[in-house]
Amino acid sequence: MTTLPKRISENGFEYELRGDYYYPIIELPENKPIGKYGLLRETFLKKHRNYLYNTMLMDGTLNGHLYEIDQTAKQQVADLVDKMAKAQGVDEALKASNHLSWVGKMENIRHSAEETVLNDYVYA
């Protein structure tokens with residue numbers, strides 16, 4: 001009676017013996033948390049770039065791509081908000097003297113920055 005090897009390699013895949021059958025050893029890529037911009041990018045790819053979405057999904061690169069887009073977009077929004085606020089004179093003095101005006105201006109700035117980033121990173 002011969003004993004079968006615990007692991008074999010065939011056609012570029014590793015197999016492990018479990019009972020009487022060899023099962024492929026499949027390792028999923030590490031999943032990183034994806035935020036708002038990454039989820040928007042995923043939806044865009046599914047609807048408008050389906051081939052690219054499926055290719056990245058099969059290659060195991062989708063999650064990393066979505067994470068990178070999410071982090072880049074978050075940083076770009078924060079940078080644009082800071083630059084636009086300074087350019088428009090929206091600062092702590094305005095916040096202290098007229099809080100409602102400051103909130104309104106900051107919301108407009110944030111919305112403009114987010115719209116720019118969405119067009120440049122998420123929907124590109």
S.K.: Report the C-alpha distance between Tyr53 and Glu42 in whole Å, list the side-chain angles of each, state the deciding distance to 0.1 Å, and finish with yes or no for side-chain contact (heavy atoms from CB on, under 4.5 Å).
M.R.: CA-CA 8 Å; Tyr53 173 80; Glu42 181 180 27; 3.6 Å; yes
S.K.: Around Lys105, counting heavy atoms of other residues, nucleotides and ligands shown, do more than 12 lie under 6.0 Å from its NZ?
M.R.: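 No, because the 6.0 Å sphere around NZ of Lys105 holds 12 heavy atoms or fewer from other groups.
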S.K.: Going by side-chain heavy atoms closer than 4.5 Å, which hydrophobic residues are tied to Tyr22, directly or by a chain of links?
M.R.: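 Leu4, Ile8, Phe13, Tyr15, Leu17, listed by chain and number.
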S.K.: Just jot down the side chain to side chain donor-acceptor pair (under 3.5 Å) partners of Asp79, sequence neighbours excluded, or say none.
M.R.: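 Counting only residues at least two positions away or on another chain, Asp79 forms a side chain to side chain donor-acceptor pair (under 3.5 Å) with Gln75.
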S.K.: Would you call the rings of Phe44 and His48 parallel, tilted or perpendicular if under 30° counts as parallel and over 60° as perpendicular?
M.R.: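 Phe44 and His48: tilted rings.
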S.K.: Please collect all ring-ring contact (aromatic ring centres under 6.0 Å, His included) contacts where either partner lies in residues 70-108, sequence neighbours excluded, each pair once.
M.R.: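 Qualifying pairs: His99-Trp102.
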S.K.: Rounded to the nearest 0.5 Å, what separation is found between the CG atom of Leu62 and the CG atom of Asn54?
M.R.: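 Output value for this atom pair is 9.5 Å.
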S.K.: Do the non-hydrogen side-chain atoms of Arg7 and Ile25 ever get within less than 4.5 Å of each other?
M.R.: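 Yes, at least one pair of side-chain atoms sits under 4.5 Å.
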S.K.: Can any side-chain N or O of Asp70 pair as donor or acceptor with the backbone N or O of Gly35 at less than 3.5 Å?
M.R.: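 The answer is yes, because a donor-acceptor pair under 3.5 Å joins these two groups.
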S.K.: What I'd like to find out is whether the side chain of Lys32 reaches to under 4.5 Å of the side chain of Leu66, using heavy atoms alone.
M.R.: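 Not touching, per the 4.5 Å side-chain cut-off.
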S.K.: Starting at CG of Asn108, measure out to NE2 of His111 and round the result to the nearest 0.5 Å.
M.R.: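 Nearest 0.5 Å value for the CG-NE2 distance: 8.0 Å.
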S.K.: The test is side-chain contact (heavy atoms from CB on, under 4.5 Å); show your working for Gln88 and Ile109 and say whether it passes.
M.R.: CA-CA 9 Å; Gln88 295 180 23; Ile109 289 170; 3.7 Å; yes
S.K.: Counting only pairs under 3.5 Å, give me each side-chain donor-acceptor contact of residues 114-124, with atom names and distances, residues two or more places apart or in other chains.
M.R.:
residue : atom : partner : partner atom : Å
Glu114  : OE1  : Lys36   : NZ           : 3.3
Glu114  : OE2  : Lys36   : NZ           : 2.7
Glu114  : OE2  : Tyr37   : OH           : 2.7
Thr116  : OG1  : Ser112  : O            : 3.0
Asn119  : ND2  : Glu115  : O            : 3.3

S.K.: Which ring-ring contact (aromatic ring centres under 6.0 Å, His included) pairs, counting each pair once, include a residue from residues 56-82, with sequence neighbours left out?
M.R.: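 Counting only pairs at least two positions apart or across chains, no ring-ring contact (aromatic ring centres under 6.0 Å, His included) contact touches residues 56-82.
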S.K.: How many angstroms lie between atom CG of Asn50 and atom OG1 of Thr55, to the nearest 0.5 angstrom?
M.R.: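 Going from CG on Asn50 over to OG1 on Thr55, the span is 9.0 Å.
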S.K.: Should we say atom CD of Glu68 is surrounded by more than 12 heavy atoms from elsewhere, each under 6.0 Å from it?
M.R.: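 No, CD of Glu68 has 12 or fewer neighbouring heavy atoms, counting only those of other groups under 6.0 Å.
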S.K.: To the nearest 0.5 Å, how far apart are CD in Gln71 and CD1 in Ile34?
M.R.: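 Gln71 CD to Ile34 CD1: 10.0 Å, rounded to 0.5 Å.
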S.K.: What pairs with Asp91 under side-chain contact (heavy atoms from CB on, under 4.5 Å), at least two apart in sequence or on another chain?
M.R.: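 Once residues adjacent in sequence are excluded, the partners of Asp91 under the side-chain contact (heavy atoms from CB on, under 4.5 Å) criterion are Ala93, Leu94.
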S.K.: Taking all non-hydrogen atoms of both residues into account, name the closest pair between Arg110 and Val81 and its distance.
M.R.: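 Answer, listing the atom of Arg110 first, then Val81: CA-CG2, 3.8 Å.
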